[in-house]
Amino acid sequence: MISTRPIPVRTTLAEQFEAVLRVHADVARACEPVLDVDAARARIKGGQVAYDALRVLRSCGDLQPRFDRVLEAFEVAGFVSNEDRRAILDGELDIDDLVSGWFTGDRTPRDARRRVARQAAIIVGNALLRTASAMVGAPATWKGWTRIACPCCGGSPDIVLVERATQRTLVCARCDAQWRSRRTGCLGCDSEDRASIARIANPALGYDLVMCNECGRFIKERPRRGLDSLIVERALTAELDLAAEQRGLRI
Ligand SMILES: [Zn+2]
Ligand SMILES: [Zn+2]
């Protein structure tokens with residue numbers, strides 16, 4: 001008998017992303033961000049963000065060849081057609097603009113071609129910043145960190161990993177650095193008011209979308225156990241971001 005059970009979306013997506021993850025790992029391995037590690041650690045100790053993300057990104061050189069490689073991997077994975085990839089490379093969209101837009105918290109574009117180009121730019125930016133943050137140190141380096149902004153790059157967290165029901169670890173949307181949250185209520189405003197915090201469970205994805213109506217912040221929450229590559233996790237939950245953005249919320 002032919003099984004009619006659907007293949008889990010998580011597995012399919014992880015397989016589809018293989019070529020992309022390889023390029024991401026290559027870009028991360030080969031880049032050389034310029035970063036004063038001692039100064040960065042001293043800044044964290046003083047409660048300041050470790051480095052200027054845009055400056056560190058620029059120190060890595062030309063983003064275009066990396067962007068081209070990610071787009072090629074996207075085509076292999078079936079995320080972009082050959083025609084669309086060529087159109088993007090023909091100068092329709094600029095990688096530097098896309099990365100800057102991502103830094104300043106732009107919203108997911110409605111246009112499909114623009115959305116895929118932004119996605120590729122994010123993968124490049126993430127590979128470079130991830131490397132820079134790994135240079136800053138192990139998470140023990142920012143053990144005393146109490147702010148909501150990422151201790152390394154200053155980005156906002158987009159994912160919360162929950163352990164033992166109460167321990168919450170935040171993941172930076174830009175550089176993947178992880179740090180412990182001391183807040184029990186909303187990350188943005190610390191509200192514990194149940195009436196203002198909406199939680200929508202998505203059992204199929206294994207995530208809760210948590211939204212605060214007080215300050216307009218949202219975050220995606222899941223157990224730490226069974227976490228895939230963050231690139232796959234973010235692709236898997238892109239629909240949650242869209243749902244939250246459509247309500248006018250931000251990370
Ligand atoms: Zn960060
Ligand atoms: Zn809030």
Side-chain angles (χ1 to χ4, degrees), residues 24 27-28 31 33-37 39-41 43-45 47-60 99-106 121-161 168-200 208-221 227 229-231 233-234 240-241 244-245 247-251:
H24 178 263
V27 170
C31 70
V34 177
L35 183 67
D36 183 338
V37 172
R41 289 180 184 159
R43 269 198 293 274
I44 291 180
K45 228 177 215 167
Q48 302 296 311
V49 168
Y51 62 81
D52 181 298
L54 208 52
R55 191 177 302 161
V56 163
L57 202 80
R58 290 203 178 113
S59 78
C60 296
V99 171
S100 310
W102 175 50
F103 271 28
T104 51
D106 62 355
I122 290 174
I123 288 184
V124 173
N126 170 261
L128 304 178
L129 291 186
R130 192 183 158 94
T131 303
S133 292
M135 287 165 68
V136 174
T141 315
W142 49 83
K143 212 169 59 190
W145 192 255
T146 55
R147 292 171 58 186
I148 300 306
C150 169
C152 295
C153 77
S156 289
D158 64 338
I159 296 173
V160 182
L161 303 173
R168 299 205 296 172
T169 300
L170 309 180
V171 182
C172 176
R174 292 202 304 216
C175 77
D176 299 344
Q178 298 184 8
W179 67 103
R180 188 72 60 79
S181 165
R182 294 171 198 256
R183 296 195 170 190
T184 50
C186 167
L187 290 173
C189 64
D190 215 10
S191 168
E192 306 230 16
D193 181 5
R194 280 169 189 277
S196 63
I197 295 175
R199 177 181 286 269
I200 301 174
D208 281 2
L209 176 61
V210 185
M211 298 167 285
C212 175
N213 294 318
E214 290 286 326
C215 68
R217 187 183 274 262
F218 78 91
I219 199 144
K220 299 174 286 189
E221 195 175 292
L227 188 73
S229 149
L230 286 164
I231 290 175
E233 296 294 340
R234 290 187 178 119
L240 301 182
D241 297 290
E245 284 180 12
R247 293 172 186 228
L249 304 168
R250 57 176 172 82
I251 57 163

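Ligands are counted one by one from 1 in listed order, and the atoms in each one are counted from 1 as well. Because the structure is predicted, anything quoted here is derived from the model rather than measured.
Here Asp176 pairs with Arg234 in a salt bridge; the nearest charged N to carboxylate O distance falls below 4.0 Å.
The backbone N or O of Arg147 sits less than 3.5 Å from a side-chain atom of Trp179, completing a donor-acceptor pair.
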Check the pair Cys150 / Cys175 against side chain to side chain contact (heavy atoms under 4.5 Å, CB included), numbers first and verdict last. CA-CA 8 Å; Cys150 169; Cys175 77; 3.6 Å; yes
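Between Val210 and Lys220, every side-chain heavy-atom pair lies at or beyond the 4.5 Å cut-off.
If you put the vertex on the Zn ion (ligand 1), SG of Cys150 and SG of Cys153 sit 120° apart, to the nearest 10°. When SG of Cys215 and SG of Cys189 are joined through the Zn ion (ligand 2), the resulting angle is 110° to the nearest 10°.
Here Cys152 fails the criterion, with no N, O or S atom under 2.8 Å of the Zn ion (ligand 1).
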